[in-house]
Undergrad: 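Next up is a structure, given as structure tokens.
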Protein chains: 2
Amino acid sequence: MAADLNAQTQRRDAIVRILRQNAVARQAELVTLLHREGHDATQSSVSRDLRELGVVKGGDRYLLPDGEDALTPSHFETVRSFVKGYRAAGPTLTVLRTSVGTAQSVAIALDKAGWPEVIGTIAGDDTIFIATESAKAQRRLHDHLRTHFGR
Amino acid sequence: MAADLNAQTQRRDAIVRILRQNAVARQAELVTLLHREGHDATQSSVSRDLRELGVVKGGDRYLLPDGEDALTPSHFETVRSFVKGYRAAGPTLTVLRTSVGTAQSVAIALDKAGWPEVIGTIAGDDTIFIATESAKAQRRLHDHLRTHFGR
DNA sequence: CGCAAATGTGCATAATTATGCAGAGCGTGT
DNA sequence: ACACGCTCTGCATAATTATGCACATTTGCG
């Protein structure tokens, strides 16, 4: 039995993406779809993930919470190329560097994502400070960043 | 096994009201709450009602669809006293009489209710024409009207 | 680095929800 | 008034989802 934190993060991101594009009626389906893109998961984990993600089941399909809908996959696609890299500055602060003048838009995309581990962000011109509550939260954040912007 | 059409309407209205006020986690609870106010129903019926009403289950409680939230119970309370009565005018038209000058507000409350059997309404000064698709739909409408405004 | 506390998982299974069926109440047309 | 058809129900049960446990890893600390 594995406990790969990163795997969980990626799987949840995948779940959100899948639910955006398909009408999924049951967890078993979701498990199949996840397998198809390389994610290994059981109905148990999916059940827990869905609750954690605040996903709702309406009649015959799972629905993402309202806020999430606002964030189109393309949101990240657009700003992906602006991101130069990121590094931890202590256990609760992460500094992300971007192309000059694009920090604001990247920060906005990050805020819209609504990742729970993020307490707040401040964007300058080419730098974003991302505050997290703990080292653990920071790890989550980095998992997310890695998933969306590459290592 | 009974098939009291009116009972269904009233029960569904009750379900909506209950869900507005309480956080209900399972259908069995809902059955209990319904019993408490005199509605006789089984989990089977409740399951079907919830689907029909478009109710959604989020994590650990049932949630009403967004639109419904707008209509406060008090909405009907306010206009209840304006309604003088109503009669069918043919199988698909219902004429509702109100106090002079209040027809508009009553019609607005009706529209907000979003009852599926209602195709449209027109309000004059003290009269509202309510169009329904069929005799059957008209019966539904009358059930609703009876529930909210009395016989 | 070593140990205790957390976290995440799968498995097996309990808990909950959905549904096929058959019966009952009503409305409709003759 | 009678027959036919439709809708709504409950029951029994299938289908689906949630969760107690035990265990593998990881994280936090001294």
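Any value given below was found using the heavy atoms of this structure, including those in side chains, with hydrogens, waters and symmetry copies removed.
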Undergrad: Are any of Gln8(B)'s side-chain N or O atoms less than 4.0 Å away from OP1 or OP2 of dT9(D)?
TA: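 Affirmative; the distance criterion is met.
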Undergrad: Quick one: His39(B) NE2 to dG10(D) P, roughly how many Å, whole number?
TA: 13 Å
Undergrad: Compile the donor-acceptor pairs under 3.5 Å between side chains in residues 128-135 of chain B and protein atoms, sequence neighbours left out, one pair per line.
TA:
residue: Thr132(B); atom: OG1; partner: Thr92(B); partner atom: O; Å: 3.0
residue: Ser134(B); atom: OG; partner: Lys136(B); partner atom: N; Å: 3.4
residue: Ser134(B); atom: OG; partner: Ala137(B); partner atom: N; Å: 3.1

Undergrad: Whether Gln27(B) contacts dA15(C) is assessed here as follows: a side-chain N or O lying under 4.0 Å from the phosphate OP1 or OP2. Is that the case?
TA: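 False: Gln27(B) side-chain N/O out of range (4.0 Å or more) of dA15(C) OP1/OP2.
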Undergrad: Rounding to a whole Å, what distance do you find between Glu52(A):CD and dA18(D):P?
TA: 13 Å
Undergrad: I'd like to know whether CD1 of Ile119(A) has more than 12 heavy-atom contacts from other residues, nucleotides or ligands below 6.0 angstrom.
TA: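 Buried by this count: over 12 neighbours within 6.0 Å.
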Undergrad: Would one find a side-chain N or O of Lys136(A) under 4.0 angstrom from OP1 or OP2 of dT7(C)?
TA: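 Checking Lys136(A) against dT7(C): at least one side-chain N or O falls below 4.0 Å of OP1 or OP2.
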Undergrad: Could you tell me the separation between the CG atom of Asp143(B) and the P atom of dT7(D), rounded to a whole number of Å?
TA: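 Atom-to-atom, Asp143(B) to dT7(D), this comes out as 15 Å.
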Undergrad: Mind jotting down which residue pairs meet the salt bridge (Lys or Arg N to Asp or Glu O under 4.0 Å) criterion with at least one end in residues 45-58 of chain A? Sequence neighbours excluded, please.
TA: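 Residue pairs passing salt bridge (Lys or Arg N to Asp or Glu O under 4.0 Å), neighbours aside: Arg11(A)-Asp49(A), Arg12(A)-Asp49(A).
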Undergrad: Below 3.5 Å between N/O atoms, which protein atoms pair up with nucleotides 19-21 of chain D? Just atom names and distances, please.
TA:
residue: dT19(D); atom: OP2; partner: Arg51(A); partner atom: NH2; Å: 3.4
residue: dT19(D); atom: O4; partner: Ser44(A); partner atom: OG; Å: 3.2

Undergrad: Given a cutoff of under 4.5 Å between side-chain heavy atoms of I, L, V, M, F, W and Y, with clusters grown through shared members, what are the other residues clustered with Ile108(B)?
TA: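 None; Ile108(B) is a cluster of one.
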Undergrad: dG10(D) P sits how many Å from Asp40(B) CG, rounded?
TA: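 From Asp40(B) CG to dG10(D) P: 7 Å.
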Undergrad: Can you see if the side chain of Arg140(A) gets near the phosphate of dT26(D) - specifically, an N or O under 4.0 Å from OP1 or OP2?
TA: no
Undergrad: Regarding Arg11(A), tell me which of base, sugar-phosphate or nothing describes its non-hydrogen contacts under 4.0 Å with the strands shown.
TA: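 Here Arg11(A) touches the backbone only, sparing every base.
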Undergrad: Is a donor from one side chain sitting under 3.5 angstrom from an acceptor on the other, for Asp126(B) and Ser99(B)?
TA: no
Undergrad: Report yes if a side-chain nitrogen or oxygen of Lys57(A) is closer than 4.0 Å to either non-bridging phosphate oxygen (OP1 or OP2) of dT17(D); otherwise report no.
TA: yes
Undergrad: Return each pair, listed once, that meets salt bridge (Lys or Arg N to Asp or Glu O under 4.0 Å) where at least one residue sits in residues 83-93 of chain B; pairs must be two or more places apart or across chains.
TA: none
Undergrad: Please report the distance, rounded to the nearest Å, between OH in Tyr62(B) and P in dA18(C).
TA: 6 Å
Undergrad: Roughly how many Å is it from CD in Glu29(B) to P in dA15(C), rounded to a whole number?
TA: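 Rounded to the whole Å, the gap is 15 Å.
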Undergrad: Nearest whole Å is fine: how far is dT26(D) C1' from Arg139(A) CZ?
TA: 8 Å
Undergrad: Expressed as a whole number of angstroms, how long is the span from Arg12(B):CZ to dC8(D):P?
TA: 7 Å
Undergrad: Could you tell me which residues satisfy side chain to side chain contact (heavy atoms under 4.5 Å, CB included) with Ala28(A), sequence neighbours excluded, listed by chain and number?
TA: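 With neighbours one apart ignored, the set is empty.
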Undergrad: Both Thr42(B) and Ser134(A) contact DNA chain D. Which one's nearest nucleotide lies toward the 5' end?
TA: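 Checking each residue's closest nucleotide, the 5'-ward one belongs to Thr42(B).
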